[in-house]
Amino acid sequence: MSRTKNVPDMRLLFEKSRPGRVGCNLPAPTTPEVDLQNELGAIRTELNLPELSELEVLRHFTHLSHINYGIETGFYPLGSCTMKYNPKVNERVASLSGFAGIHPLQPEETVPGALEVIACVQEMLQEITGFHRVTLQPLAGAHGELTCLMLIKAYHEARGDHGRKVVLVPDSAHGTNPASAARAGFSVQPIPTNQEGLTDLEALDAALGPDTAALMLTNPSTLGLFEKNIVEICERVHRAGALVFCDGANMNAMVGTTRPADHGFDCMHLNLHKTFSTPHGGGGPGCGAIGVQANLAPFLPKPVIERDAGGRAVFRHDVPQSIGKVSPYYGQFLLAVRALSYLLAFGREHMAEISRHAVLNANYVQARLKDVLPPAHDRFCMHECVLTAQPYKKHGVRALDISKRLIDYGFHPPTNYFPLIVPEALMIEPTETETKETLDAFCDALRSICREAVENPQLLHDAPGSQVVGRLDETAAVKNLDVCWRPS
Ligand SMILES: *Cc1c(COP(=O)(O)O)cnc(C)c1O
């Protein structure tokens, strides 16, 4: 059964406008009138503004807010994005005026509390990942990748090793990986994934050479699988004189359970806006914190924040081998505040519950769906599962049709067609914050849609039928973006 939404009045404010209708009651002016048109010559006399009552305006914007979908209104299974619920108390803490009101150019001696917050988060992330140093400067995951590659380049050059121009990137990687490598001036060589969904070791060996600067590896991979040969892989890369970067956007699968630095990685990025409690989407503020082993620490972006002999958190500007600054000021400070509030609430004792529940939930969804939507690789997954809608292709139904039909059942669709190496991919990341009841309702909906796909595929092709808009031309929407409506 599809749920029909209470479809709001979608007419625009201009269309609701009636001449002479007013929404506010300003007192009559008591100052002399000025003829701005004559005096300045540049003031518009005709301002085509809608005329409405206060109640109409209030209803209009309340209706608009109701047609939005967000974590506050429903389950958000978007794979690779970690759309978990972030406790509101962390927002509250980040909005305290002592934090939110700091100016980034305030003298250091006036912000000891802010430096303490950053130092604490750095230290906790060092403990969680096992790395020697962490910095919170990078402003996004992709920016953390780029920063790590700049560190790797500086490391090779400082050793007089100038021939390392190639970065190896598995074919399952997030698109930001090859983009960051290219942006850092490297050429990119793809490494195939084997039948088991793991890095192909023979292909890796064949690719490694004196021109290899680094391997960028996502663990768990974008297939939701733990790279079980990770220690071996890091050793082989190191034997070739290259370094290993970990794309840590999937840290939600490992928090408190296992530490990437112990696996042999030289550096990694973390997405504080995925794993550590800043809500994201819509391109909002991010923090791609990075962790490094001691070999890369001398090159970290400056200033670094560390503790002086008395234990106070201070800036150190004297970092002679630093790659320089990678963000104005010191990154997105309020993300550090949210992260600290979140980390302290769990504490060392409960940190592992994040990853254990995230992994349990993903495996539950995979197990409940595997007979209708087979997993790309039939084994235990980590925090997300990658399923394929290929069995429905013979009925003319594709992954996108299934996703669109989910909207009619009241759910946000999962990630579609990523990773690129899985045909008709549906990538589901339930996160640790959802209940079994929610996961059951979601799986029931998908199971019912898979039945419809066989019995009545047209239902899926016509979906969604419950929203203010139907199936959109997503390519045209991106290429010819026009969000400005003008009165005719
Ligand atoms: C989200 C993500 C990134 C990029 O992070 P941004 O903050 O969006 O730049 C990189 N790799 C993986 C696997 C991701 O899921």
Side-chain angles (χ1 to χ4, degrees), residues 1-3 5 69-90 220 222-226 249-258 274-277 279-281 342 345-347 349-389 399 402-416 425-453 466:
M1 265 305 292
S2 65
R3 290 184 214 160
K5 268 202 172 176
Y69 192 96
I71 197 71
E72 279 94 350
T73 52
F75 178 40
Y76 221 119
L78 212 53
S80 207
C81 292
T82 313
M83 303 299 280
K84 61 179 168 184
Y85 171 67
N86 298 296
K88 292 292 173 223
V89 65
N90 302 334
T222 61
L223 291 161
L225 302 176
F226 194 87
N250 293 340
M251 192 64 198
N252 220 49
M254 299 190 289
V255 190
T257 310
T258 184
K274 285 179 184 168
T275 317
F276 298 105
S277 201
H280 63 294
Y342 182 74
F346 278 92
E349 304 75 16
H350 297 284
M351 199 65 70
E353 286 167 19
I354 299 171
S355 51
R356 292 202 180 128
H357 290 155
V359 171
L360 178 65
N361 279 357
N363 278 286
Y364 182 70
V365 168
Q366 179 171 284
R368 274 220 55 201
L369 294 175
K370 83 194 269 187
D371 59 320
V372 290
L373 292 166
H377 298 277
D378 192 5
R379 47 183 262 222
F380 286 118
C381 63
M382 295 294 286
H383 65 306
E384 59 196 351
C385 56
V386 179
L387 314 178
T388 172
I402 294 179
S403 280
K404 294 294 184 193
R405 182 66 177 145
L406 254 181
I407 298 172
D408 288 338
Y409 282 77
F411 290 102
H412 192 283
T415 295
N416 282 212
L426 288 167
M427 183 192 214
I428 300 169
E429 182 179 2
T431 82
E432 73 280 15
T433 57
E434 296 297 337
T435 62
K436 179 170 178 293
E437 288 77 9
T438 300
L439 300 184
D440 277 329
F442 174 72
C443 293
D444 289 344
L446 270 175
R447 296 186 68 85
S448 155
I449 292 168
C450 289
R451 262 195 314 278
E452 291 173 350
S466 56

Counterpart residues, side chain to side chain contact (heavy atoms under 4.5 Å, CB included), relative to N363 (two or more places apart): V359, Q366, F380, C381
Taking only residues two or more places apart in sequence, or in another chain, which ones meet D440 in a side chain to side chain contact (heavy atoms under 4.5 Å, CB included)? Y364, R368, K436
So do E434 and I71 actually touch side chain to side chain, heavy atoms under 4.5 Å? yes
With F346, which residues qualify under ring pair (Phe, Tyr, Trp, His ring centres under 6.0 Å), at least two apart? Y342
For a quick test of reading the model, state the closest non-hydrogen atom pair linking E452 to Y409 and the distance between them. OE2-OH, 2.7 Å
For the residue pair L446 and L387, establish whether any side-chain heavy-atom pair is separated by less than 4.5 Å. no
For P413 against L406, the heavy-atom pair lying closest together: CA-CD1, 4.2 Å
Under the side chain to side chain contact (heavy atoms under 4.5 Å, CB included) test, residues paired with A249 that sit two or more places apart: D247, H269, N271, K274
Contacts satisfying salt bridge (charged side-chain N to carboxylate O under 4.0 Å, His left out) that involve residues 379-389 (not counting sequence neighbours) are none
Between SG of C450 and CD1 of I402, what distance do you get to the nearest 0.5 Å? 5.0 Å
Set of side chain to side chain contact (heavy atoms under 4.5 Å, CB included) partners for S355, sequence neighbours left out: T257
Which atom of L439 lies closest to which atom of P430, heavy atoms considered: CD2-CB, 3.7 Å
Salt bridge (Lys or Arg N to Asp or Glu O under 4.0 Å) against E72, all qualifying residues, sequence neighbours excluded: K88
Return the minimal non-hydrogen interatomic distance between T415 and G79, and the atom names on each side. OG1-O, 2.7 Å
Compare every heavy atom of I428 with every heavy atom of P414, then report the nearest pair and how far apart it is. CB-CG1, 3.7 Å
Output for pair (C81 SG, N252 CG), nearest 0.5 Å, gives 12.0 Å
Residues forming a salt bridge (Lys or Arg N to Asp or Glu O under 4.0 Å) with E432, sequence neighbours excluded: K84
Quick one: list whatever passes side-chain hydrogen bond (donor to acceptor under 3.5 Å, both in side chains) with T82, sequence neighbours left out. E429
Pair up each side-chain donor or acceptor in residues 369-377 with any protein partner under 3.5 Å, not counting sequence neighbours, and list the distances.
unit_1: K370; atom_1: NZ; unit_2: D378; atom_2: OD1; d: 3.2
unit_1: D371; atom_1: OD1; unit_2: R447; atom_2: NH1; d: 2.9
unit_1: D371; atom_1: OD2; unit_2: R447; atom_2: NH2; d: 3.0
unit_1: H377; atom_1: ND1; unit_2: Q195; atom_2: O; d: 3.3

With sequence neighbours left out, what residues match T431 under side-chain hydrogen bond (donor to acceptor under 3.5 Å, both in side chains)? T433
Just how far is it from atom OG1 of T435 to atom CZ of F75, taken to the nearest 0.5 Å? 9.5 Å
Partners passing ring pair (Phe, Tyr, Trp, His ring centres under 6.0 Å) against H412 (at least two apart in sequence or in another chain): Y69, Y76
Going from CD1 on I354 to CE on M254, what distance comes out if it is rounded to the nearest 0.5 angstrom? 13.0 Å
What heavy-atom pair brings V365 and C385 nearest, and what distance separates the two atoms? CG1-SG, 4.2 Å
